[in-house]
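Comments concern the structure below.
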Number of protein chains: 2
Amino acid sequence: MMNTATRQKIVMTALEMFFVKGYNSTSIADILSRSQVHSGSLYHFFPGKQDLLVAVLEFYRDGIKENLLDIAWGQVDDPIEKIFALLGGYRTGLLMSDFAHGCPIGNLALELSEPDPRIRDLIQLNFENWIEAVEHCLDEAANRLPGDTDRHALAEFILTTMEGAIMQARTARDIGVFDRNVAVLRSHIDILTEKASAHT
Amino acid sequence: MMNTATRQKIVMTALEMFFVKGYNSTSIADILSRSQVHSGSLYHFFPGKQDLLVAVLEFYRDGIKENLLDIAWGQVDDPIEKIFALLGGYRTGLLMSDFAHGCPIGNLALELSEPDPRIRDLIQLNFENWIEAVEHCLDEAANRLPGDTDRHALAEFILTTMEGAIMQARTARDIGVFDRNVAVLRSHIDILTEKASAHT
DNA sequence: GCAGAAGTTGATTGATCAATCAAGAGAAAA
DNA sequence: TTTTCTCTTGATTGATCAATCAACTTCTGC
C-alpha cells in the first residue's frame with residue numbers, strides 16, 4: 001500500500017472528523033475543505049467513503065500501541081494501575097475536548113448498525129486489541145487475583161465500563177458520572193485482590 | 001398537546017426507525033413511506049425533523065414503566081432479580097432482532113454529539129429514569145447490601161454495564177459477550193450481599 | 001346548513017450529498 | 001527528448017435530503 005503525503009493528510013483529517021462528528025454526519029466536502037485536498041485526489045486514493053473509513057480504522061488499529069497505550073503507561077509500572085491509567089487517559093480526553101471526544105471505536109460501533117463486513121471486522125478487531133492489552137495487564141497481576149478469575153471476561157468488563165461511563169459522562173456533560181463508574185470498578189478489583197491475598 | 005391517529009402513527013414509525021437505523025440515517029422519506037403518511041401531514045404536526053425526535057423521546061420517556069419495567073418485572077418479585085430481569089429483557093431484544101435492537105437511548109446518546117439542548121436533556125432524563133428504577137430496586141434490597149453502599153453510583157454502574165455489554169455484543173454479533181459481562185456484574189453484587197450477610 | 005378550523009395531499013424547491021471525469025501537471029524511466 | 005505512469009484540478013452529475021405550500025377535504029361548533 002502506497003502512502004503519499006496527500007493520502008496521509010486525508011486519513012488524518014478523516015480520522016479526526018469521523019471521531020468527533022461521527023461517520024454519517026461527516027461529508028466528503030467537510031474532509032476536503034479541512035484537509036485542503038480536492039475531490040479528485042481523494043477519489044484517486046479511495047474508491048468511496050466506506051473505503052476511507054476502512055483506511056481510518058486500519059490506521060487506528062496500527063497505532064493503538066504508540067498513540068494510546070505507551071502514552072498512558074509512560075509513568076506506570078504496576079499492571080493494575082496501568083488499567084486505571086488507561087481509563088484516566090479517556091477521562092483526560094473527555095475533559096480536554098469538553099466532552100467531544102469519547103471512544104472513537106465505541107461511537108462507530110453504535111452508529112454503524114449494518115456496516116460493511118470489512119468495517120465491522122475492523123471495529124471488532126480494535127475492541128479485541130484493547131481487551132487483549134488489558135487482559136495482558138491482568139495476566140501480569142495474576143498472582144494478586146483469585147485463581148479462578150476469568151481474566152478475559154474481566155478485561156471485556158473493563159472495556160464495558162469504559163464505554164458505558166464515557167456514554168453517560170458525555171450525555172450528562174459531567175465527569176462525576178465517569179469517576180463514580182470507575183470507582184465502582186476499582187472497588188470490584190480491590191475486592192478481588194483482597195480475596196486473593198486472604199487465601200495465601 | 002393533541003394526539004391524533006396520524007400523529008401517533010408518525011411517532012411510532014419514527015421511534016422504530018430512529019432506534020434501529022439511527023437518527024441521521026433515517027430520512028423523512030423513509031418515515032413517510034413506512035407510515036403511509038404524506039409530507040404535508042408530518043410537517044403539519046412537527047416543524048422539523050428535530051421536533052419529531054423530541055416527540056419520540058417524550059413518548060419513550062412516558063412509556064418506560066408500561067413498556068419496559070412492567071414487562072420485565074411481570075414474574076419477578078425479588079428486587080435484585082428484577083435488575084437482572086431488566087438486563088435479560090435487553091438480551092432478548094438483541095436475540096430476537098438478530099442484534100439490530102440495542103438500547104434506543106444509548107444509540108442516540110453517542111450519535112448526537114452536539115444536539116439540540118431539548119434533545120440532550122431528554123436523553124439524559126431517560127437515562128435518569130432508568131437509573132432511578134434500578135436504584136429503587138437496590139433500595140428495596142438495602143438490607144442485603146453493605147451499609148456504606150452508594151446505591152446511586154451502583155445503579156449508574158449497572159446502566160454502564162448494560163450499555164457497554166450491548167455495544168460489544170452487537171459488534172461481535174455474539175450474545176456470549178453480553179452474558180459474560182452480566183456474569184461479572186452478578187459476581188460483584190453477589191460479593192456485596194455476602195459481605196453484608198457476614199456482618200450481621 | 002354554514003363558517004372556520006384542523007388535517008391532508010403531493011408536486012416542488014433549493015441545498016447538500018457522494019461520486020465522476022476529462023484535462024493537465026509533475027516525476028521517473030527509456 | 002519522449003514516453004509512461006502517478007497524481008491533481010475543479011466543474012459537473014444525478015441522487016437524495018429536509019422542508020414548503022397552495023389547493024383540497026374533513027371535522028367541529030353554532
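Only a predicted model underlies this, so the values are computations on that prediction, with no experimental measurement involved. Per chain, numbering begins at 1; letters A, B, ... match sequence-line order.
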Quick one: Asp30(B) CG to dA18(D) C1', roughly how many Å, whole number?
12 Å

Could you state the atom-to-atom distance from CZ of Phe46(A) to C1' of dT20(C) in whole Å?
17 Å

Aromatic contact between Phe178(B) and Tyr90(B), with the criterion being ring centroids under 6.0 Å apart: yes or no?
no

Whether Ser39(B) contacts dG10(C) is assessed here as follows: a side-chain N or O lying under 4.0 Å from the phosphate OP1 or OP2. Is that the case?
no

Calculate the interatomic distance between Gln8(A) atom CD and dC7(D) atom P; express it in whole Å.
14 Å

Side-chain N or O of His44(B) closer than 4.0 Å to phosphate OP1/OP2 of dT8(C)
no

Judged by each residue's nearest nucleotide on DNA chain C, which is more toward the 5′ side, Thr26(A) or Gly40(A)?
Thr26(A)

Could you tell me the separation between the CD atom of Gln50(A) and the P atom of dC17(C), rounded to a whole number of Å?
17 Å

So what does Ser25(A) hit on the nucleic acid, given a heavy-atom distance under 4.0 Å: a base, only sugar-phosphate, or nothing?
nothing

Answer with base, sugar-phosphate or nothing: what part of the nucleic acid does Ser41(A) contact at a heavy-atom distance below 4.0 Å?
base

Calculate the interatomic distance between Lys49(B) atom NZ and dT16(C) atom P; express it in whole Å.
15 Å

Taking the side chain as every heavy atom from C-beta outward, state whether Leu53(B) and Leu108(B) have any pair of such atoms under 4.5 Å apart.
yes

Ile31(B) CD1 to dT16(D) P, straight-line distance once rounded to whole Å
17 Å

Respond yes when some side-chain nitrogen or oxygen of His38(B) is under 4.0 Å from OP1 or OP2 of dG10(C), and no when none is.
yes

Is there a donor-acceptor contact under 3.5 Å linking the side chains of Asn181(B) and Thr160(A)?
yes

Cluster check Tyr23(B), Leu110(B): I/L/V/M/F/W/Y, side chain < 4.5 angstrom:
yes

Would one find a side-chain N or O of Tyr43(B) under 4.0 angstrom from OP1 or OP2 of dT20(D)?
no

Contact under 4.0 Å: Thr6(A) side-chain N or O vs dT8(D) OP1/OP2:
yes

Any chance the rings of Phe18(A) and Phe59(A) have centres within less than 6.0 Å?
no

When the distance from CG of Leu32(A) to P of dT9(D) is rounded to whole Å, what number comes out?
11 Å

Whole-Å distance separating the CD1 atom of Ile28(A) from the P atom of dA15(C):
21 Å

